[in-house]
There are 2 protein chains.
Amino acid sequence: MDNLLSNIKIKVNDKVFIKDPESSELGKRIVQGTIGLIDEIGFEQFTFKKLAKEIKTSEASIYRYFDSKHHLLVYITLWYWGWMEYRIVFKLMNIESAEERLTIAVKTLTEVIEEDKDFNHINKVKLHRIVIRESSKIYLNKSVDNENSEGFFLAYKRLVERVVKIILEINPTYKYPHMLVSTIIEGAHHQRYFAKHLPRLTDIVNGEDAVTTFYQKMALTQLKD
Amino acid sequence: MDNLLSNIKIKVNDKVFIKDPESSELGKRIVQGTIGLIDEIGFEQFTFKKLAKEIKTSEASIYRYFDSKHHLLVYITLWYWGWMEYRIVFKLMNIESAEERLTIAVKTLTEVIEEDKDFNHINKVKLHRIVIRESSKIYLNKSVDNENSEGFFLAYKRLVERVVKIILEINPTYKYPHMLVSTIIEGAHHQRYFAKHLPRLTDIVNGEDAVTTFYQKMALTQLKD
DNA sequence: ACATATATGATAGTAAAACTACTATATTTG
DNA sequence: CAAATATAGTAGTTTTACTATCATATATGT
């Protein structure tokens, strides 16, 4: 991918922010600083006051971009999903075999993220760690129905749908394609987290990326039912 | 199970509470009230002040039982895991076939909970909804390593290990038994939540419990690898 | 060039949440 | 039955999450 994406912008639902953080220098510092700080101290300890200090601005200025720290977390998660969809579309180009496309999609969704130079102000390694630890909090709460009706989760649904389509190409009568895909995405996050913090809840295998291998096999075998 | 469990107490790691809530009338009201209130308003909106009002006691009295609302959530989640382990042990009694045991274990872990009369002050239907929406928050945060070293998650590990053993009975060389079990447990929670709030991320099939069916099949087919 | 819109910064304030310290009362026990 | 102990209740403090106000800097349009 290299620098091909250097003039592409990942679009995020504009109901998530008050002012688009991509539209200004300060906005980008907010996003960059948020990723650094949440990665470091966790979402619960993260406050706008600490962020303001970190990026040398005022609390009030941050409130001009985001309503709440919750919306800021939603923002970076939606950005991540949008970015994932892009990566998948890219990697699947010109690949004909549906099986191969599925294998690549699952690898992309589950593999460890390596740092690259696209979207400069966003550190994807840190973002990935945040998505693993924090992203489910954006929908596991009482505001989910409201936010769903505002379209907050469309980026996630699109991402899932894209992989579902590949599965249905392989087996048009498979009954649980959405379940399979969302199990893989969420499951991979969990397994990476367990590997680091609760290793007895997962399996760490020498010489292979067990998470990716496990879910690739799962995708290919389950859809045969 | 009926009333067989009426004089059994689910043990919860005593580092989670300051004073055992099972040891007094007030303690039981705290647990009962917590389950009702978190189910109703969600963990983020839940406060000790609201709980105190609900159960007609004072904030300070609740603080004598639990350090923080986080520990209270840990408590009810650990209770749930302990209870699940009990249910599984019970249901597997005298069943010889490992395949059948696995099918029953997965059903128990993934099925919809029906109200019963055991452990009277704990409403298991509400508790199940809370576990689905909130339980992952007990480990998806920066205190996980500390709390893990205090043994907070042993009940979860024991539960997983119990099912892992069945899998290894069926296929002693299967490489990913923990991954499979934790994927099933967490996955089932997610799918039930999606079915209610984000249905496009799952598959709802008429005339069957798609969640249980999906994960039962997954367990039986994956371990063949 | 100058008025005006827009962006940011600095400061202060409010309400609720999270937690602590202290006081009062009930119960147990020596 | 007095002293010790457990439990409950009241009144704080600190932090968080947010709002409001005003000052200043920068950009834009005519």
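From a predicted model like this one, the values you see are computed outputs, not experimental measurements. Here is the naming used below: chain letters follow the sequence lines, and residue numbers restart at 1 for every chain.
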Output the rounded distance in Å from [atom1] ([X]) to [atom2] ([N]).
X      : N       : atom1 : atom2 : result
I30(A) : dT8(C)  : CD1   : C1'   : 10 Å
I62(A) : dA7(C)  : CD1   : P     : 17 Å
K49(A) : dG9(C)  : NZ    : P     : 17 Å
K28(A) : dT8(C)  : NZ    : P     : 12 Å
E59(A) : dA12(C) : CD    : P     : 14 Å
I41(A) : dT16(D) : CD1   : C1'   : 13 Å
L51(B) : dA18(C) : CG    : C1'   : 14 Å
I18(B) : dA6(D)  : CD1   : C1'   : 15 Å

Please determine, for the side chain of [X], which listed nucleotide ([options]) has the closest atom?
X      : options                  : result
S61(B) : dC18(D), dA8(D), dA10(C) : dA8(D)
S58(A) : dT8(C), dG9(D), dA10(C)  : dA10(C)
K19(B) : dA17(D), dT7(D), dA18(C) : dT7(D)

For nucleotides 26-28 of chain D, print each protein N/O atom paired with a nucleotide N/O atom at under 3.5 Å, atom names and distance only.
none

For the rings on [X] and [Y], is their centre-to-centre separation under 6.0 Å?
X       : Y       : answer
H197(B) : Y193(B) : yes
Y75(A)  : H70(A)  : no
F17(B)  : Y65(B)  : no

Distance-only polar pair, side chains of E22(A) and H121(A), donor-acceptor under 3.5 Å: yes
Touch class at under 4.0 angstrom, heavy-atom based, for Y65(A) against every strand present: sugar-phosphate
Sugar-phosphate only, base, or nothing, as touched by S24(B) at under 4.0 Å among non-hydrogen atoms: nothing
N/O (side chain, K69(A)) to phosphate O (OP1/OP2, dA17(D)) under 4.0 Å: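 Affirmative; the distance criterion is met.
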Presence of Y63(B) side-chain N/O under 4.0 Å of dA21(C) phosphate oxygens OP1/OP2: no
N/O donor-acceptor pair, side chain R64(B) with base dA8(D), under 3.5 angstrom: yes
Parallel, tilted or perpendicular, as decided by the 30° and 60° cut-offs, for the rings of Y156(A) and W81(A): parallel
W83(A) and Y80(A) aromatic ring geometry - parallel, tilted or perpendicular at 30°/60° bounds: tilted
Which residue lies more 5' along DNA chain D, comparing K50(A) with A60(A) via nearest heavy atoms: K50(A)
Closest-nucleotide 5' rank along DNA chain D - winner of H70(A) and L26(B):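 The residue whose closest nucleotide sits nearer the 5' end is L26(B).
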Candidate list V12(B), I138(B), V16(B), test side chain to side chain contact (heavy atoms under 4.5 Å, CB included), partner T77(B), passing option: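 So the option named by the test is I138(B).
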S143(A) (side chain) donor-acceptor with N146(A) (main chain) under 3.5 angstrom: no
